[in-house]
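Predicted, not measured: the structure shown is a model, and the values here were computed from it.
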Amino acid sequence: MAVSGFEGFEKRLELHFFPDDPAVLTGMGLRQLDFESLEQVLRAVQCTVVSAVGNHYFDAYVLSESSLFVYPTKIIIKTCGTTQLLKSIRPLLHYACHLGLTLCSCRYTRGSFIFPLAQPFPHTSFKEEVIYLEESLPSNLCYRKASVMPCKIPSHSWHVFTASDEAHLVITPHAPDVLYTLEICMTELDRVLARKFFKRPGDEKTGDTAGKEMTELTGIGHINPGSLICDFAFDPCGYSMNGIIDGDRYSTIHVTPEDGYSYASFEFVGSIYDDLDDVAQVLKKVVQVFRPATMSVSTTCTSHEVWTRVGGALEPLGMKCRSCTVDEFPAAGNVVFQTFTTRRKKIKVGANANSRDMRRADVCRPFRFILSYQKDKKTRKRKRDMEKAKAKRIKGFKWEKKLDVNREIIGSSKNLLD
Amino acid sequence: MSVEEGQVLGVHTVEAWNEHLQKGNESNKLIVVDFTASWCGPCRFIAPFLAELAKKLPQVTFLKVDVDELKSVAQDWAVEAMPTFMLLKEGKIVDKVVGAKKDELQQTIAKHLATA
């Protein structure tokens, strides 16, 4: 691995607001934010807009470091590299307040940085990030939870922080949210495929034109057929795109193709009422575009319909499920974190790994996985130990304020099997 | 230079719109139509750049159509994303740029000026 390089793993922040006056709901809310204010927010994060497109539902911006989506009462910022994403919260809350909007929920997620030491404050550690979030958020968001979802591949654990006010708690299944979010992080991309995200030497094409070519050449244009794509290719390499799907939903892809720390992310918002076979098709196409050796899939949804499809879609492509963790968050619903590696890739499972564990991971159709998980006390103990170790590391920190919804996969799996 | 040159002209009525198209038909001038909306952030992002282009390229007519104000025009031209830039020559659409993409817009205009 390179000593240092570009940090592909993004930080992602999603903020939901509610209008002080209900009439604002029908209006344009956050989309009224003038461009100077938006620039101020992005300046705090340390990135700029490179291209953008909007429709009747939302605005999608491609940034110098990833993406920004602005809906009337929702904003999603995703930034990579050494950006200071959390510094956007305070200016955003300030501008939103002027538009008559109050924050009601917040979700911050990220994977594990490849170059954690290169991260500036407040991203030097997850603990530091959570402290910063706690200090930046207003007190009405009193239901807070932070969790590091573990994984057998230590380089791919998933960090989640959520906060919500009383009125906007997502408690399944009473208030099912029809939308789900898939956040996919891929590392060790196929070298030949990754090369397609480099501009040719001497290529005078603009970022817009080169981006358009990459969208076509790599097959990205076919992932969600019929979506409107806003793409951009960076100099000398790297690629970003936002897709507008069915009017009000988006997909987004970001690629860091350099060998040694190659990374690609795919994020997709879908509805549980859609044909879920389409999700499987989308996942397959994504894997075919990048052929990563390792990938993690985080599914945020109030139902269990979606994540159970992930393994079924990826296994026929030679990806093996290595771990699966479920956690429940008051402001987001269930987060299911699954990791996959190519069959040829060997992973270190730890000192007490035995061949039985490996076999169980091999047959990881989600349901069977849960059953074996319940039976296999050893695995459960190891998981508990891992979590204890993690808790120890972040000792002295108050993770949860009011709600205790921290349940392991066993607790959640009961709902599934009933 | 007439008043109309060097700036982006707002078109507020269907009559004015038809008039501009008619004028374009007769003059063989390149027309760039910016389909925009007051609530569209990306439109605000590119507006200053478009104004600059209009200043630099007096030989091109720059029109601005608000999709809420001239709903029928936006519908007829199948505008679904904002901003959408339509490049017209002799009444025909010769090119289209969807999204606030500065470089692509500039290059596309340059391409059609070169072939004029």
Visitor: Please check this pair: side chain of B:Arg44 against backbone of A:Leu33, looking for a donor-acceptor N/O pair closer than 3.5 Å.
Guide: yes
Visitor: Could you look at A:Leu68 and say if it's the side chain, the backbone, both or neither that has a heavy atom under 4.5 Å from chain B?
Guide: neither
Visitor: Between A:Gly54 and B:Pro42, which heavy-atom pair has the shortest distance, and what is it?
Guide: N-CG, 3.8 Å
Visitor: Contact part of A:Val49 toward chain B, heavy-atom cut-off under 4.5 Å: side chain, backbone, both or neither?
Guide: both
Visitor: Counting only heavy atoms from other residues, nucleotides and ligands, does the tally under 6.0 Å from OH of A:Tyr57 exceed 12?
Guide: no
Visitor: Against chain B, label A:Asn242 side chain, backbone, both or neither, depending on which of its atoms sit under 4.5 Å from a heavy atom there.
Guide: neither
Visitor: Please look at B:Gln107 and chain A and tell me whether the side chain, the backbone, both or neither of the residue comes under 4.5 angstrom of a heavy atom of that chain.
Guide: side chain
Visitor: Given the rule in the side chain to side chain contact (heavy atoms under 4.5 Å, CB included) test, do A:Val53 and B:Val98 qualify, once you have shown the distances and angles that lead to the verdict?
Guide: CA-CA 7 Å; A:Val53 70; B:Val98 179; 4.2 Å; yes
Visitor: How long is the span from the CD1 atom in B:Ile46 to the CZ atom in A:Phe35, to the nearest 0.5 Å?
Guide: 10.0 Å
Visitor: Does NZ belonging to A:Lys199 count more than 12 external heavy atoms closer than 6.0 Å?
Guide: yes
Visitor: If only atom types and distance count, is the side chain of A:Asp59 paired as donor or acceptor with the main-chain N or O of B:Gly41 below 3.5 Å?
Guide: yes
Visitor: What's the separation between atom NZ in B:Lys102 and atom OG1 in A:Thr206, rounded to the nearest 0.5 Å?
Guide: 13.0 Å
Visitor: Under the rule for ring-ring contact (aromatic ring centres under 6.0 Å, His included), what residues qualify as partners of A:His56, not counting sequence neighbours?
Guide: B:Trp39
Visitor: Counting only heavy atoms closer than 4.5 Å, note whether A:Ile244 contacts chain B via side chain, backbone, both or neither.
Guide: neither
Visitor: Which heavy atom of B:Phe45 sits nearest to which heavy atom of A:Ala52, and what is that distance?
Guide: CD2-CB, 4.3 Å
Visitor: Please state whether the side chain, the backbone, both or neither of B:Lys101 comes within less than 4.5 Å of a heavy atom of chain A.
Guide: both
Visitor: Only pairs of heavy atoms separated by less than 4.5 Å count here; which of B:Cys40, B:Cys43, B:Ala47 has the most with chain A?
Guide: B:Cys40
Visitor: Can you name the residues that form a side chain to side chain donor-acceptor pair (under 3.5 Å) with B:Gln22, not counting sequence neighbours?
Guide: B:Glu26
Visitor: Is B:Glu80 close to chain A through its backbone or its side chain, or both, or neither, when contacts mean heavy atoms under 4.5 Å?
Guide: backbone
Visitor: Which heavy-atom pair separates A:Leu228 from B:Ala81 by the least distance, and what is that distance?
Guide: CD2-CB, 3.4 Å
